[in-house]
Amino acid sequence: MGEALNGLKRSYYGGELRENHIGETVTLMGWVQKRRNLGSLIFVDLRDKSGICQIVFDTAVSEEAFEKANSIRNEYVIAITGKVTKRESVNNNLPSGQIEVFADSLKILCESDVPPIHIDDNDEANERTRLKYRYLDLRKPKMQNYLFTRHKIASAARRFFDAEGFVDIETPMLTKPTPEGARDYLVPSRVNLNKFYALPQSPQLFKQLLMVSGFDRYYQITKCFRDEDLRADRQPEFTQIDVEMSFVDEDDVRAINENLLKYIFKEVANYDVQTPLLKLPYSEAMDRFGSDKPDIRFGFELKQMNHLFVGTEFKVFSDTLASNGDIRGININGYSDRFSRKDITKLEEFIKSYGAKGLAWIKFTNGEMQSSINKFLDDSQVEAIKALFEVGDNDMILIVADKPAVVYDSLGALRCEIAKQLNILDPKDYKFLWVTDFPLFEYDEEENRYVAKHHPFTSPKDEDVDKLESDPGSCRAKAYDIVLNGYEIGGGSIRIHNSTVQERMFKALGFTEEEAREKFGFFIDAFKYGAPPHGGIAYGLDRVVMLVTGTDNIRDVIAFPKTQDAKCLLTNAPSVAEQKQLDELYLKLTPVEKSNA
RNA sequence: GGUCCAGUAGUUCAGUUGGUUAGAACGCUAGCCUGUCACGCUAGAGGUCGACGGUUCGAGUCCGUUCUGGAUCGCCA
């Protein structure tokens, strides 16, 4: 049982006390980090959100108070009143280590069971345990710092947008299922039997309608939901900084967002973002880095080698060329000695997960060349390769031959994997860039049709509008992604604001007129009543926080995250619904063999 | 849907070729201790080795199934 406050007021956060407070009588409240009992002297490390402050109980207090101090344990919630004193022995590891508080009185506000995890940044408890007791895990200073940083980023963004005349407008959480894109989370409607809302994958349509309504500049920091498989950087519900502007083109949107990033990174990380940011067309990003979200903190760029192997005896390469495939390599320049044959075999295993069938290699060490394809290389080829990759000593060329998509995927991932293994990535080195000029469509092999690469409301480049019907594959979009250190932290586009072009777009995507009407009729209609040219962007807030805090786990920056199975280990959601609820919704469950109950 | 990794005390881990009573550190409990801050010293408690099944005289260890968590490919307009 805990004692009541009875009007007692906290006068300071303990971690904020310094030498200038010496002599003051203070009241502190917080959690017991640690008690050290030396017999007739007890030290207590008191923790609150500001940090740690050492409290001392000695024989000057009443015997009763001393006994009480002796009874406290880790994670008890206590309030103490006492005098700030210069320490006899200082602790330079503690910001408040010059002082301590000699306690006169102690209230135990709440006792605590022995916690299942240690409240300490160095605690290495299994994530399962941490998530089950998330409220304890979040007591760790490191975890608190993640969420404080998250708050600072969101808060800086709001200040920036407010100053620039953007309006924060909420859009519905219960909305219309969207046929394109990710799987929706569906919500049954009780008063409209057999009908469903979907949770928004993004406020896309609503923010565009707000532009039609004339709000001119909109932003919202809001949850979005996608029922897809999770990853270390992907959660089923995540937070988007959503932005839309009227009467703008691509450069206008990019310019204001560069200022936003400059402001946030200065405020939160004291980092100066150099603007204007690098702009890389999609085709160049793929060509040089094999990725549309390249990490440009290091080189190892891809080079096409097809012309060097025309007429080669090496069957893998000749077959690749015969089937319009691609042969590309990367030069791991200066690190050849860091990779044994065994290491290269592991790299080969790595790229196989991306569909590549093998990895050819050429090492140049101490003036000598070793290679897995030695017998297929003549002197002129070797010279050409040296020239192409500007080979110096201690270089290693890694080569993949396959369908272009496989070559891009595997080598793009490989250069990042190798940089990671070499430990040459500085997380505090923020390398931003825009990737621009995305293809408008990509071909979906399964559905046998073109699908929108970004979304169906993305405007084609002006010069490509005429190719919507004749050559959709070559249409480029007024779309841009903002990329930071290999992560896509945001993406956006100029939207279609012309209902005729919008209808042509739906047609190109294979929608019949009826389908387009049924799904997006309200949207097409809206654009018949005067829609301004508009465009915007959306950031993944969680990813931005990850990059600023330097964690590679998105769950670290979300207070109550889900597991890979989209479960919440704390609340045990999702769970079985009560029959009464199902009956009200006229929902009937299909028995499944594997019960998750 | 596929591939890979992990699961042993509250926590993190060790556990040899299958062999006696499954160990360590931290944490916890009790006692002692006036300058600790990774306090120290003494004593002690604490285990369904994720679960089920199999092989064996004998299984933490081998085999199968399954559950849980993680990484990743597909997927994520």
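The shown structure was predicted, so the numbers you read here are calculated from the model rather than taken from an experiment. Below, read A as the first sequence line, B as the second, and so on, with proteins coming before strands; counting in each chain starts at 1.
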Side-chain-base donor-acceptor pair under 3.5 Å for A:Arg231 and B:G74: yes
Separation of B:C26 C1' from A:Ile119 CD1 (nearest whole Å): 14 Å
Any donor-acceptor pair, under 3.5 Å, between the side chain of A:Thr563 and the base of B:U68, if you only look at N and O atoms? no
Donor-acceptor pair under 3.5 Å: do we get one between A:Arg226's side chain and the base of B:C76? no
Describe the nucleic acid contact of A:Leu94 in one word from base, sugar-phosphate, nothing, applying a heavy-atom distance below 4.0 Å. nothing
Could you check which of B:G35, B:U29, B:C39 has an atom nearest any side-chain atom of A:Arg36? B:C39
So what does A:Glu100 touch, heavy atoms closer than 4.0 Å: a base, only the sugar-phosphate, or nothing? base
Should A:Thr171 and A:Gln220 be marked as a side-chain hydrogen bond (donor to acceptor under 3.5 Å, both in side chains) after you check the CA-CA gap, both sets of side-chain angles, and the distance that decides it? CA-CA 9 Å; A:Thr171 51; A:Gln220 188 184 190; 3.0 Å; yes
Of A:Ala452 and A:Ser353, the one whose closest RNA chain B nucleotide lies more 5': A:Ser353
Could you tell me whether the side chain of A:Arg35 has a donor or acceptor atom within less than 3.5 Å of a complementary atom in the base of B:U36? no
With a 4.0 Å limit, can you tell me whether A:Lys34 has a side-chain N or O closer than that to the phosphate oxygens OP1/OP2 of B:U36? no
Contact class for A:Lys352 (heavy atom, under 4.0 Å): base, sugar-phosphate, or nothing? nothing
Look for any protein N or O under 3.5 Å of an N or O in nucleotides 5-15 of chain B and output each such pair with its distance, or none.
residue	atom	partner	partner atom	Å
B:G10	O2'	A:Pro116	O	3.1
B:U12	OP1	A:Asn126	N	2.4

Test item: A:Arg35 side-chain N/O and A:Ile42 main-chain N/O as donor-acceptor pair under 3.5 Å: no
Report which part of the nucleic acid A:Ser202 touches: base, sugar-phosphate, or nothing (heavy-atom distance under 4.0 Å, all strands). base
So, does the side chain of A:Asp229 form a donor-acceptor pair with the base of B:G74 at under 3.5 Å? yes
Nearest listed nucleotide, side chain of A:Ser40, among B:U36, B:U34, B:A71: B:U34
Just N and O in the side chain of A:Lys132: are any of them under 4.0 Å from OP1 or OP2 of B:G69? no
Look at all strands and tell whether A:Asn91 reaches a base, only sugar-phosphate, or nothing, counting heavy atoms closer than 4.0 Å. base
